[in-house]
Amino acid sequence: MIQMRTTGKKVSIIRNRKRQSEEVFQQLRYKLKKNNFILTEKHPDIVISIGGDGMLLSAFHKYESQLDRVRFVGVHTGHLGFYTDYLDDEIDKLVENLKYDTGAKVSYPILNVKVTFENGDTKIMRALNEATIKRSDRTMVADLTINGVHFERFRGDGITVSTPTGSTAYNKSLGGAVLHPTIEALQIAEIASLNNRVYRTLGSSIIVPKKDKIEITPSRPGFHILSVDNSTYSYRNIAHIEYQIDNHKINFVASPSHTSFWNRVKDAFIGDIDE
């Protein structure tokens, strides 16, 4: 009996529930097995996300405890694939590139979120795109501190802190700037701030360097809604939240199909320009 030799590369595939994604999943699984890849959900070397950006976020959070060893690849079957390198008809190209993959990676910074409650308990989370805090039932009032400097007392719907890759997501819809992901910085964007003769905030997005820590301290007790990427939590009695660049990064497979950041921005928001 001839024993097939594997590539040694362990691959996990995650997809959404759409029929198109399921069809791509079946094709990809068959072709990876045929080319002697090891398919496993435990401790993979490469995670392939099939769907849109939401699916890549889910893949990131599923393997966020293994970021130092895992690299990600996105296959686009959704409406917007900012994080995806391959279209659904490029499965053969993906498998071929993975066969000759040398381990090269493209790395982007992520966000560390530390929530401290009034009883002293803490909860630490990571975000690939952004983390947003709002009041559940009324105007949010909170003190914003940057690198130990009390910057402003915010009044409005909420505040979002985003990574460079997340700068093209919710942050952009709030009027924030688009940052290249090689710039290791965070961005603060206000959500419907109150600015009048009594209440004052800067009123524009703020870009904070890697070394600086951002802190938000609610000034009123009660429930706050904290959104971290595509997950939402309701917490009571938050003492303060600290945001900073995480010690780990997300790593994507560096291949000829890994589109440049500016091409992604152009394709997502501008498209082809008629000469």
Side-chain angles (χ1 to χ4, degrees), residues 14 16 18 21 47 49-64 67 72-86 106-113 125-134 140 144 154 156-193 203-210 214 216 224-233 241 243-246 248-252 258-271:
I14 298 177
N16 59 28
K18 293 182 179 179
S21 297
V47 175
S49 164
I50 303 174
D53 289 345
M55 206 63 233
L56 194 283
L57 289 174
S58 297
F60 164 77
H61 287 289
K62 181 174 181 177
Y63 290 100
E64 68 175 87
L67 291 179
F72 294 85
V73 181
V75 178
H76 172 58
T77 61
H79 296 293
L80 179 62
F82 199 85
Y83 284 116
T84 53
D85 293 310
Y86 296 87
V106 178
S107 302
Y108 298 147
I110 60 174
L111 173 64
N112 182 285
V113 183
M125 293 171 278
R126 292 188 178 109
L128 177 57
N129 273 0
E130 75 277 310
T132 301
I133 181 172
K134 300 179 179 179
M140 186 180 85
L144 174 64
F154 172 86
D157 284 358
I159 296 174
T160 186
V161 179
S162 65
T163 66
T165 48
S167 69
T168 56
Y170 190 25
N171 169 78
K172 184 177 180 299
S173 71
L174 296 172
V178 173
L179 292 185
H180 193 281
T182 57
I183 301 172
E184 295 193 55
L186 298 176
Q187 187 166 180
I188 306 168
E190 300 175 354
I191 307 171
S193 59
S204 66
S205 66
I206 306 168
I207 297 171
V208 178
K210 178 181 179 179
I214 300 164
I216 295 176
H224 287 79
I225 304 299
L226 181 63
S227 299
V228 180
D229 286 339
N230 51 1
S231 296
T232 301
Y233 310 89
I241 306 177
Y243 307 81
Q244 56 190 336
I245 296 287
D246 197 83
H248 304 274
K249 292 185 176 183
I250 183 171
N251 302 308
F252 290 92
H258 188 79
T259 313
S260 80
F261 179 75
W262 296 124
N263 275 331
R264 291 168 188 262
V265 173
K266 176 187 173 184
D267 291 343
F269 301 111
I270 300 173

(message) If you apply the rule salt bridge (Lys or Arg N to Asp or Glu O under 4.0 Å), what do you find for K249 with E184, and how did you get there?
(response) CA-CA 10 Å; K249 292 185 176 183; E184 295 193 55; 3.2 Å; yes
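- Partner of F72 under the side-chain contact (heavy atoms from CB on, under 4.5 Å) criterion, out of L67, D85, N251: L67 alone.
- No donor-acceptor pair under 3.5 Å is formed between the side chain of S205 and the backbone N or O of G176.
- Distance check, rounded to the nearest 0.5 Å: CG of L226 to OG of S231 gives 10.0 Å.
- Q244 contributes atom CD, which lies 8.5 Å from atom CG of L186 (distance to the nearest 0.5 angstrom).
- Among all heavy-atom pairs drawn from I250 and F60, the shortest one is CD1-CD1, 3.8 Å.
- With rounding to the nearest 0.5 Å, the separation of OH in Y233 from CE in M125 is 6.0 Å.
- Across all non-hydrogen atoms, the minimal contact from A177 to S167 is O-CB, 3.4 Å.
- Checked by atom type and distance alone, the side chain of R126 never pairs as donor or acceptor with a backbone atom of D246 at under 3.5 Å.
- In this structure, I216 and F154 have side chains that are not in contact, with every pair of non-hydrogen atoms separated by 4.5 Å or more.
- A donor-acceptor pair is defined here as one N or O able to donate and one able to accept, closer than 3.5 Å; such a pair exists between the side chain of T165 and the backbone of L128.
- Between N230 and S58 the shortest heavy-atom distance is ND2-OG, 3.4 Å.
- Interatomic distance, OG of S204 versus CG of L174, reported as 12.5 Å (0.5 Å rounding).
- By the 4.5 Å heavy-atom criterion applied to side chains, Y170 and N129 are not counted as neighbours.
- Interatomic distance, CD1 of I191 versus CG of D157, reported as 7.0 Å (0.5 Å rounding).
- Between V161 and I241 there is no side-chain heavy-atom pair separated by less than 4.5 Å.
- Looking at N171 and E130, their side chains never come closer than 4.5 Å, going by heavy atoms from C-beta outward.
- A side-chain N or O of T160 and one of T132 form a donor-acceptor pair less than 3.5 Å apart.
- Shortest non-hydrogen contact noted between P164 and A185 is CD-O, 3.2 Å.
- Annotation for T84 and R264: closest pair N-NH1, 3.7 Å, computed over non-hydrogen atoms.
- Scanning both residues, G158 and K134, for their nearest heavy atoms gives CA-CG, 4.2 Å.
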(request) Any chance you could lay out the side chain to side chain contact (heavy atoms under 4.5 Å, CB included) test for V73 and Y86, step after step, and finish with the verdict? (result) CA-CA 8 Å; V73 181; Y86 296 87; 3.7 Å; yes
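- Residues M55 and Y83 fail the side-chain proximity criterion, which asks for heavy atoms closer than 4.5 Å.
- For the side-chain contact (heavy atoms from CB on, under 4.5 Å) test with I214, the passing option among V113, I188, I206 is I188; the others fail.
- Here K18 contributes atom NZ and I50 contributes atom CD1; the two are 13.0 Å apart, rounded to the nearest 0.5 Å.
- Relative orientation of the Y108 and F252 rings is tilted, given thresholds of 30° and 60° on the angle between their planes.
- I159 has its side chain within reach of M140: a pair of non-hydrogen atoms, C-beta onward, lies under 4.5 Å apart.
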